[in-house]
Every structure is written in structure tokens, then in C-alpha cells.
Protein chains: 2
Amino acid sequence: MQNLSKNQQIIFDLIDKSAEPLKAYAILFNVQKKGIKAPLQVYRALDKLVEIGKIHKIESRNAFIACQNSSCQVSKATAFSICEICEKVTEISSASLSKYLTNFKDKDGMKYSKYNLEFFGLCKKCR
Amino acid sequence: MQNLSKNQQIIFDLIDKSAEPLKAYAILFNVQKKGIKAPLQVYRALDKLVEIGKIHKIESRNAFIACQNSSCQVSKATAFSICEICEKVTEISSASLSKYLTNFKDKDGMKYSKYNLEFFGLCKKCR
DNA sequence: TAACACTATGTAATAATATAACATTTATAA
DNA sequence: TTATAAATGTTATATTATTACATAGTGTTA
Ligand SMILES: [Zn+2]
Ligand SMILES: [Zn+2]
Ligand SMILES: [Zn+2]
Ligand SMILES: [Zn+2]
């Protein structure tokens, strides 16, 4: 497990300590005081962090969240629950779910190398 | 099952006859000859078509595809396979998969009202 | 019919998200 | 050292999506 570069570390730290998923331009705004001035610097760090599984992208929200599993070396099998009211996002770590999806074969018998699953509903607090 | 409005029908027809998912501005370009001139007209029709399950949004691609199930009255339980080379997208209709996911409960016993699953890999042709 | 609610449309402006292109620097390793 | 890959800096631009406001159609019912 390689070390993060300067920009990667700054951006990871911000996402990691955030209670909710962060959007790229919210990140940019927050790290400008640390010398990261342009969108591309943010997107490059995000790309790398996603690639190595330290963060995941919530596709339906265009937002990024730190991995809550400490086991995602790569972002290749991800599942989240998303509250449609408060937008709280939780990474689901269910062995049976990941087993089911990793082994899933379509009707042609094809298996996939990667998946992303997003569940939507109301969180405990919002029901 | 209500009829589609004029703009909705134009845009649905285009997506439905397309071999691949279409992006909003590609749709806009294609329907300008039919009098739909502004992004908002496209997005409004897309929103409605998604709502009634005639099309689905492929979140990881920001693109729209016609429902291939003829059974999705609403876009609330969707699964797709996406080829990472040719970008071919297929809607998966597996009874066991949808049963598994619809009934999935997280560790708090919570069930969700909606999900979207995207599998990634290589299609037959690209392997 | 008239009044109402609801859905859809038209248009302009702008916001939000993401990438291209190019130059330079830093880290890693043969 | 020399080469290679990874990361950075900067400007400009492309792509995706929404706000705001005005207007028109559709169906219901008083
Ligand atoms: Zn994770
Ligand atoms: Zn909530
Ligand atoms: Zn469908
Ligand atoms: Zn393919």
C-alpha cells in the first residue's frame, strides 16, 4: 500500500473526516487555502483515490465518500444505501451480498469484474 | 398507462430506436429538427420518462436507455451490464437477482424501496 | 360555460460537473 | 546517472444540468 501524494493526502483527509459525501467543487473550495487551486487537481486526486479504493464515487449523486470497509483495495465491488430525504450515505458491507453479486452470472453465463449498487430509501432517522 | 406528450414521444422514440445509450445533449442535437431547441425541454422529458419507467438512466455514464424489460412501470429496481470497451449496455432481467435485491435487508434490518445496480466487464464481442 | 388545478411547453440565462492540452516537477528504479 | 512513470500547475474549454419566469394545453367540476 503506497503512500499518498501531497494533493491526494489533502483531499483524502478532507473526505475522510466529512460526515457526508463531498462533491468535487465543494472539495475544491475547501482545499484552496492549502494551495490546490484548479478543478483538475481535485479530479486527478479523486481519480487516483477511487482507483486505489480509498474513496468511492456515489454515481447518482456525483459525490465522493471515504471507504468505510477498510477492505476495498480497489473500487470494484461497492454497495451503498442512500437516504432520499437527508442524503445520508452508508457503505454496505455484507458478505452475502458481495458474494452473491461477485458470483452473479447473467443469462449468457457471463460474470463481471466489477459492480456498483446503490439502494435508496429512508434512513432510520427519517422514517 | 397514460399517453406520452409530444416532446416525451419524440425523445422516447429516439432513445428507443437507438442501439446504445444516449446522452442528453446528443438527444438535443438529434431532435432540434423537430422543434425541441433547449436542454431543459430534453431534461424535462427525460425526467418524466424515467419516472414512468419507459427509460432508465445509466448513472455511471450520464446516458439514457429504453427499458428492455417491458415490465418496469417505474424505475425502481434496475440492473445493467456495461462493457468497459465498447460501452454496450444491456438491461439485466433476472428474477432471482431482482428478488434477492428487493428483499435485501441491511444489518439494521432495513429494506429499501429502490435500487440501481451496474455491472462492469467485457461483453462477448470484446473478450 | 367558467373557474380551477394540473401538466406540459418555450426561452434565456446560468450553475455545476468534468476534461483537453501543454508545460514542468518529483519520485522510482534500472 | 539516465530513463521512466507519476504527479503537479495552469489556462481554457467542454459537458451536464438547473433556475427563473412566462405561456399554453388538458381535464375536472361548479
Ligand atoms: Zn469501500
Ligand atoms: Zn435520512
Ligand atoms: Zn427496465
Ligand atoms: Zn464490448
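Just so it is clear: chains get the letters A, B, ... in the order the sequence lines come, proteins before strands, and each one is counted from 1. Quick caveat: nothing in here was measured; it's all calculated off a predicted structure.
The shortest heavy-atom contact between A/Val89 and A/Pro21 is CG2-CG, 3.6 Å. Looking at every heavy atom in both residues, A/Phe104 comes nearest to B/Leu97 through CE1-CB, 3.8 Å. In this structure, A/Asn69 and A/Ile92 approach most closely via the heavy-atom pair ND2-O, 4.3 Å. The two residues B/Lys111 and B/Thr102 make their nearest non-hydrogen contact at CE-O, 3.5 Å. Between B/His56 and B/Gly53, the closest heavy-atom pair is CE1-O, 4.1 Å. The shortest heavy-atom contact between B/Ala24 and B/Val42 is O-CG1, 3.7 Å.
Across the protein-nucleic acid pair, A/Ile10 atom CD1 and D/dA7 atom P stand 14 Å apart, rounded to whole Å. A straight line from NZ of B/Lys48 to P of C/dT9 spans 10 Å, rounded to a whole angstrom. In this structure, the CD atom of A/Gln8 is 14 Å from the C1' atom of D/dA5, given to the nearest Å. Distance CD1 (A/Ile11) to C1' (D/dT8): 12 Å, rounded to an integer number of Å. In this structure, the CD atom of A/Gln9 is 11 Å from the P atom of D/dT8, given to the nearest Å. Rounded to whole Å, the distance from CD1 on B/Ile58 to P on D/dT16 is 14 Å. If you measure from atom CG of A/Leu46 to atom C1' of D/dA7, you get 15 Å, rounded to the nearest angstrom. In this structure, B/Glu59 atom CD and D/dT16 atom P are separated by 13 Å, rounded to whole Å.
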Would you tabulate the nitrogen or oxygen pairs shorter than 3.5 Å linking the protein to nucleotides 4-6 of chain C?
none

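Annotation: the terminal axes of the helix from C/dT1-D/dA30 to C/dA30-D/dT1 meet at 30°, where each axis is the rotation carrying the C1' atoms of four end pairs onto the next four (5 pairs per end, rounded to 10°).
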What do the steps show when you test A/Leu4 against A/Lys54 for side-chain contact (heavy atoms from CB on, under 4.5 Å), and what is the final call?
CA-CA 10 Å; A/Leu4 300 179; A/Lys54 300 280 286 180; 4.3 Å; yes
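Distance alone, capped at 3.5 Å, places no donor-acceptor pair between the B/Asp16 side chain and the B/Phe12 backbone. A donor-acceptor pair under 3.5 Å links the side-chain atoms of B/Gln8 to the main chain of B/Ser5, judged by distance alone.
Rounding to the nearest 0.5 Å places CD1 of B/Ile27 at 8.5 Å from OH of B/Tyr43. With rounding to the nearest 0.5 angstrom, the CD1 atom of A/Ile65 is 7.0 Å from the OG1 atom of A/Thr90. The structure places CD of B/Glu84 at 10.5 Å from SG of B/Cys126, a figure rounded to the nearest 0.5 Å.
With sequence neighbours left out, B/Glu87 forms a side chain to side chain donor-acceptor pair (under 3.5 Å) with B/Arg61.
A close approach under 4.0 Å does occur between a side-chain nitrogen or oxygen of A/Gln41 and OP1 or OP2 of D/dG9. For D/dT26, the OP1/OP2 oxygens have no side-chain nitrogen or oxygen of B/Lys6 closer than 4.0 Å. Contact annotation: A/Lys37 reaches the phosphate of D/dT10 (side-chain N/O to OP1 or OP2, under 4.0 Å).
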Given protein heavy atoms under 4.0 Å, the one-letter contact record of nucleotides 13-30 of chain C, with B base, S sugar-phosphate only and - none, is simply ----BBBBB---------
Got a list of side-chain donor-acceptor pairs under 3.5 Å for residues 115-124 of chain A, not counting sequence neighbours?
residue, atom, partner, partner atom, Å
A/Asn116, OD1, A/Thr78, OG1, 2.8
A/Asn116, ND2, A/Glu118, OE2, 3.1
A/Glu118, OE1, A/Ser60, N, 3.2
A/Glu118, OE1, A/Ser60, OG, 2.7
A/Glu118, OE2, A/Glu59, N, 2.8

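Using a 4.0 Å cutoff on non-hydrogen atoms, no part of residues 78-88 of chain A comes near DNA chain C.
Annotation: of the two residues near DNA chain D, A/Ala38 and A/Ser5, the 5′-most nearest-nucleotide partner is A/Ser5.
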